[in-house]
Every structure is written in structure tokens, then in C-alpha cells.
Student: 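One structure, pasted below without further comment.
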Amino acid sequence: MSSIIQVKNLSKQFNDIQAVNELSFTVEEGDVYGFLGQNGAGKSTTIRMLLTLIKPTAGDISIFGKSLSNYRQEILKQVGAVIEKPDLYKYLSAFDNLAIFAKMSGMKPNRALLLDQLKMVGLEERAFSKVKTFSQGMKQRLGIAVALVHNPQLIILDEPTNGLDPQGIADMRNLILHLSRQLGKTIVVSSHLLSEIELVANRMLIIHKGKKIVEGDVAALLDPSKSLVQIETDNNVMAREKLGLTKWAPLIQDNALCLQLKMNKEAVPQLITDLVSLQVQLLSVNPMHSLEDYFLSLTTQAGHVESFTN
Amino acid sequence: MWNLLQIELFKIFKKPRTYLAFAIIAAFIFLIQLGLLVNGKDWMKFMLGSLDETMNIDYNKLVNGYAVCYFVLNLLLVHVPILVALVAGDVVSGEASMGTLRLLAAKPVSRTQIILAKYFATAVYVFALLLWIAIISLVVSLAVFGKNDLVVAKTNGLQLIESGDVLWRYFFAFGFAFIAMMVVAAISLLLSVLSENSIGPIVATVGIIIVCTLISEMEIPLYQKYIKPYLFTTYMLGWKGFFYIGSTDDGETIKGSIQYLPGILKSMAALLIYIVALVSASVFIFRKKDILS
Amino acid sequence: MRSVFLFFFLLQLTSSARAQDINTLVQKVKDKINLVNDYAANGTMKTNVIFLKVPVATVKLFFKKPNRLRIINEKGISFIPKGAVNMNMSNVLSSGKYSVLDAGTDKIGNVVVKVVKLLPEDDNADVVLSTLYIDAVNQVILKTKTTTRDNGTYELQMSYGKFINYGLPDKIIFSFNTKDYKMPKGVTFDFEDGTEKKKVDDKIKNKMGKVEIYISDYTINKGIADQVFN
């Protein structure tokens, strides 16, 4: 396995706004790399820097082991991207749009190949309709076709499910998995919704206000042993004191607002039994099993950086 | 580069807006031709002013294809910049507002190439536009009004160019007009690079031309001396220089001559300097630009 | 006292004798001109008007008695001065009645000429005064100055060659008044190439224009259709 993308200390300053701040991460070959953050967290700025749309203020980007600034054209030939909305030339047909971007990627596309590509995204019947007559979903699919037409090694999808209906979102998920598993592509996919990332990504990065919050394997982050269990009682302070005297003490999280334990979900019944025997009046015990809550809890604590590795 | 140019041309000539300019020009010229067909003599009488009182003039011969074309160019070339801006002001900013610029700039072509391809594609459009003007205003006018000597009116005099001495002047005049229009295209390009919507550069280009033309034409010594020599609009009328024929001291025209070629060449050089400066600035800014659209 | 009277008598005698001479001379010139009923001629026309720049034009001249004259540029466009119709002498000499006055002699080049003033008797005639400079030896007019009511003053200078027997010149210089020519810049949109100077404007104020016609051949009295003059 070799690194496809290597980002070191990447920063971008827009006037007085620090959009990306000392960001470092690595995408390995074959990864579906989830790029997670709230709107305005710096995802798009980072992705645009990967695509040379925005010049970094500081830091280095290497793709395929080569410096992006020195080998820009060579690298971009092997990169396909859908950036935010799939905006295309509205007054041109799907076919013409695809042909233009194929040529710009250095291909000499023939008609059959382009029609094949449109068939793959289910647009063969509308190949010669103008894009302005397309629905959002069709545009999205055409955008995917444009990103893939030159058979790139690295595919970057910025918020690919924005504006799609549930069926479209499911299709997109299947397409990502297909590209990754069947075709062996390396994919970077950004989203502000963890639920999307956790279904497709094997590794992920969470950023907030331009800074890295956490980077790691999704499986590890989803590991039930690393779950947080939130306990609600009639008196959280007393409950914390009582638990602090038991074997659960090391697992109690340092959180003033609520009582949380970092623990394996399977141990929840035992915890409940113990709480009952400690005569704590339980209101609820809530295991936070998905990264969604983790993501939310992290990103609400601004600037909180945690190393999270196996 | 050739590949990119083809793509840019494809984009320009697939856009309905492009053909709007051709339609406007055709309508404009046909209206002038119709007007001159009906009232050409009255117009000529007006242009010749008091001369009608002292001279016998064959007005039927005066209103000929060459004269009609000259009249059309006088009226039209002032407005063609708007049509040039319509397309050139859109080449970058139009893509920015449509959202395709980020796709374009993420492709393995350099930004310099993108800008140059867009400028050259605009050049092809401008060329086609002028060719269209030439066909309708010259070829059609000659077919309808016939061929004869061309009388050119200046503020303080008239000059007559024999019919056999006219065509090459049109050839060079259109060539000069092309260079002048490419300055307009370069202004639009620069504004287009700076903008994220296409209306802004188009309106701004037209505004700049209007203001510069006003300053050029105003007879205020301060402007005449210190500003006018540096305005591109001062040089845009240079195409007319090819119709200012040389003459002997007693007013006899010299066939095949130009009154003052260095003046025209100076204008041409000034316009070329404008083009190089504006396109270079466009390239420089676009290379440094963060594409956020 | 007597001698004084005699002096006046003699003076009157000589002057009436001179008047007699002049009338005869004018009549002879007129007779010569009357030989020509019509003509067609080929020539070139050179225009010298300060605000006009025109090439030398190939022209055809047509004349028919009594006073119809037309100059045509068959190929292209020419500006023909309106007073050019007065380029034929029969117009000067045969239009209406006039008194002839002897104004002595003058010299044109090396030729001694008789100066004759014609005053039309009709007060409403366009011509107010014509002055003729006549070569008495060849009985042809070398120069005329005509003052008109409406068309200003114009001058003709003629030189003769092959057709001197018909009183037809082979070179005519026609000088005439022109009106100022000035168009607003907003109409012409001049391109200023740096050659225009202020002095040009001053020159325009000198309002005499000149047309030189060189005639190579005449076809005389072969008949000319009337529609040529329309």
C-alpha cells in the first residue's frame, strides 16, 4: 500500500479568515476516504487545494508521490472530481459536455466510449438532450460521468449527495462502493453527514474550523468498545460520585454537562445493574453507537483534538 | 492548445447569445441599406452640406455600394464593441457563474492556456463578426447599389477616391477594425477574469468605452494633452485612416496612397500594446486567482 | 477757349471711333463663336478647391446653341461647379442686350489685349458685369471676369490651339467662389492621425476655387441630342 495523497501542514488564509489550519492527513491507495466536517469547516477549501483551484498559503500536497505544485498537469490527468453542485454547460447536450471534459483531460474520446459512459450512469437516452432540461439527479449522474470518463486513479467527490433524493443518495453510495471494490479506485468523499461517510468510507478525517479533529479507521471509530454511554439520572453529580468509587471509575468521561462513560456496549446491562444497586434513580442509559454522535460531540467542543488510534 | 481552442470555439458557437450579435448586425445593416435605398440622396445632400449650392453633383452615383458600406461602418463600428463584450465578457465570468470554471481549472491544462485559448477563440468570433459585417455591408451593398467612386466627408473637407482604388482600403480597414475590436475583447477578458458574473464585465466594458470615447472627443486641453494620448479609444478610429487619401499640394489625389500612414501605424502599435498588456494582466491574475465559484 | 472746345471735340471723335472699333471687335468675336452650333469634346478636369481632394477626372463636354453646356464624368463622380455653364462664350455674348464699354488695353502674358466691359441692359439679369480680355489679332477671348447677382464672381482664362478658328479653347481655367465647408465632428467622426493643423481652417476661408479643363479634341457641328443636357 502506498500513499495516494499526502498533505502536510496545509493552511489557507482568506484575508482574516483561517479557512484551513495546519492540516495534515494521508490517503492510502484503495481507500474510500471520508472527509467530514460541518458546513464551513474547510472541507471544500481543502478539496479545492487538492484540485489546484485554490493556492495554499502554506504546506505541501503530494499526490501519487509527486509534488502537486510541480507536477500539476501530470497528476490531474489521473484525478476525476465532482465539486459541490454538478454544474455543467447548460446549453450543451450531455454528450457534448462529456466530450469537452474528456478532451480536456487529455483523451481523444470516440463516440462509442462516450455513449458507454453515459449508459453507465443511466443517461444514454438523454445523451443528446441539453443539460438545462435535466433534473438535479440527472445532472449529478452526468457530473459523475464527467469525473470518471478519463478513467482516473483518484476520484474526489465533494458533497456528492447534496440535493439528491433518497434513491439518488443510495445510488451514489452503491456507485462509490462499486468504484472502490470492483475498479480499485481511490476515493475521497466529503460530507457534512456522518451517516453517509460511515456507510462507504474505510478511513476518515474530521475537521472543524480548518483544524484536524480526528483521523482514523472508520471501523476503529465505530468499534463498540470505544462507544460512549450517556447516563441520565435524577442527580448526575451524586451518581458520578457513587460510580467514582466503583470499578467503572476509570471509564468516566470528563464532561461537566452530562455523565458519560467510554465503554463497550456489551457491558451496558452490567452497568445498569450496578447503578441500580448503588440506588441511583436512572432516567435513561443511552449508548452512542454511531459516529454521528461522536462527530457531534467533538465538533461542539471547539478545538478539541484527540488522537484516536488502535 | 489547438485542442483547447477547438473546445472554446465549440462553446462560443453553441451559445445562442453568439448568434444574437450576428442577427443584430444583419438587422442593423439591412435597416441602413433600406433607408439609403429610399432616402440616400437626402443623406448625401446633408453630408455634402453647402457644397450643393456651388457644385453640380450626381447624387445617383454618390449613393453607391462603397459609400453605403462606409456609412454603415461609421455607424456600426462604434457599436460593435458592445457585441464583442457580449461574448468576451462572458468567457471566464460566465463559466464562473455557471459553475463550470472549477471543472475547467481542475483539468490538466495550465491556466495560461485556458486564458489564451479563450482569447483566441474570442478572436475567431470577432473575425467572424467582421467578416459578416463585410459580407452584408460591402458585398450586399455593392450588389444593390452598384460600384462607383467613394466620397469621404471629413470635418473640413471632402475627398473622392476612385472606385478602382477603394477595395484594398476596405480590406485594410477591416483588418484594423479587427485589431481595435481585439482591444475591446482584451478589456472584457480582463474584467471577466475579475468577475463572477457575466453582466458585470459586459456593462463595465461598454461603460469604459463610453467614458474613454467622451474624453477622447472632448476638446478640453487638459484631457487632450495628458489623457487622450493614452486612451485606446483615441486609436480605434484608425481604420478611417485608410480612407484618407494622399494628395498633391493643389488637392489632386494620388491613387493608391494614404495621407498619413505613420499615424495609422502608430495607432496600430498603440492598440497592440494595449492587447499585450491587457491579455498579460488577465493571464497573471487568472493564474493567481483562487477559484471559489 | 476755342482750343479747349476743339480738344473736347477731338476727344469725343476718337472715343466714338474707339467705341466703333470695340463693337466691331466684339461682333467679330461673336461671329466666330456663332460658327459653332454644337460640339462634343473630350478632356480632363483638374479641380483645385481647398476643401476638396479629388483625382484628375476624364470628362466629356457637350455644348448646344444657344447656351446649353454640360460636363459629364461618365465613369465616376465629379463635382462640377455650377457656374461652369458660363464656360461657353456664347452665353456671355449672346444672352440679352448689353452696352459695350471700352476699358483700354492690358497684357495677359505677352499678349496685348483689349479690355471690354459688358453691362446688361436688363436690370434683373443675373450677370451684373462682364469684363472681357480680347486678343484682337486672333479675335478670341483670353479671359473674362463676370460678376453675378447670385453666383458671386467668377473668372475664365482660356488658351487656344487647334480650334482657334472656332474660338474654342483647349485649356480653360475656371475660378469661382465657393462656400465654406464645415461638418460637425459628431457627424464625420474624424480619425486624427496627427496631420491636421490649425492653418487648414484658415485656408478654407479663402473661398476661391479653381477648375482646369484640358480639352484634347472637339467634334463640331455634328448634332447633339437634347437629352444629353437633361
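All chains are named by letter (A, B, ...) in the order of the sequence lines, taking the proteins before the strands, and each is independently numbered beginning at 1. Note that the coordinates shown come from a computational prediction; the quantities given were computed from them, not determined experimentally.
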Student: Need one label for B/Ser267: side chain, backbone, both or neither, based on atoms under 4.5 Å from any heavy atom in chain C.
Tutor: side chain

Student: My understanding is that only residues two or more places apart in sequence, or in another chain, count here; which of them pass ring-ring contact (aromatic ring centres under 6.0 Å, His included) with B/Phe71?
Tutor: B/Trp43

Student: Go through the structure and list residues passing ring-ring contact (aromatic ring centres under 6.0 Å, His included) with B/Phe232, not counting sequence neighbours.
Tutor: B/Tyr274

Student: Treating C/Lys53 as the side-chain partner and B/Ile245 as the backbone partner, does any N or O pair qualify as donor plus acceptor under 3.5 Å?
Tutor: yes

Student: Is atom NZ of C/Lys210 surrounded by more than 12 heavy atoms (other residues, nucleotides or ligands) closer than 6.0 Å?
Tutor: no

Student: Hey, which of C/Leu52, C/Val54, C/Val56, C/Ile72 has the most heavy atom pairs under 4.5 Å with chain B?
Tutor: C/Val54

Student: Can you name the closest pair of heavy atoms from C/Glu74 and B/Lys61 and give their distance?
Tutor: O-NZ, 3.6 Å

Student: Near B/Phe172 CZ, under 6.0 Å, is it more than 12 heavy atoms from other residues, nucleotides or ligands?
Tutor: no

Student: Which atoms of B/Val151 are under 4.5 Å from chain C, going by heavy atoms: the side chain, the backbone, both sets, or neither?
Tutor: side chain

Student: Would you indicate whether B/Tyr59, at its atom OH, is surrounded by more than 12 heavy atoms from other residues, nucleotides or ligands within a distance under 6.0 Å?
Tutor: yes

Student: Using non-hydrogen atoms only, which part of B/Asn64 is less than 4.5 Å away from chain C: side chain, backbone, both, or neither?
Tutor: side chain

Student: Determine the minimum heavy-atom distance between B/Glu162 and C/Pro55, stating which atoms define it.
Tutor: CG-CG, 3.5 Å

Student: Return the OG to CG distance between C/Ser78 and B/Asn56, rounded to the nearest 0.5 Å.
Tutor: 11.5 Å

Student: Between B/Asp149 and C/Gly76, which heavy-atom pair has the shortest distance, and what is it?
Tutor: OD2-CA, 3.2 Å

Student: Pick from B/Val78, B/Ile57, B/Thr234: which one has the most heavy-atom pairs with chain C under 4.5 Å?
Tutor: B/Ile57

Student: I need the single residue from B/Leu150, B/Ile161, B/Asn148 that forms a side chain to side chain contact (heavy atoms under 4.5 Å, CB included) with C/Ile77. Which is it?
Tutor: B/Asn148

Student: Does atom CZ (C/Phe163) have a neighbourhood of more than 12 heavy atoms from anything else shown, all under 6.0 Å?
Tutor: yes

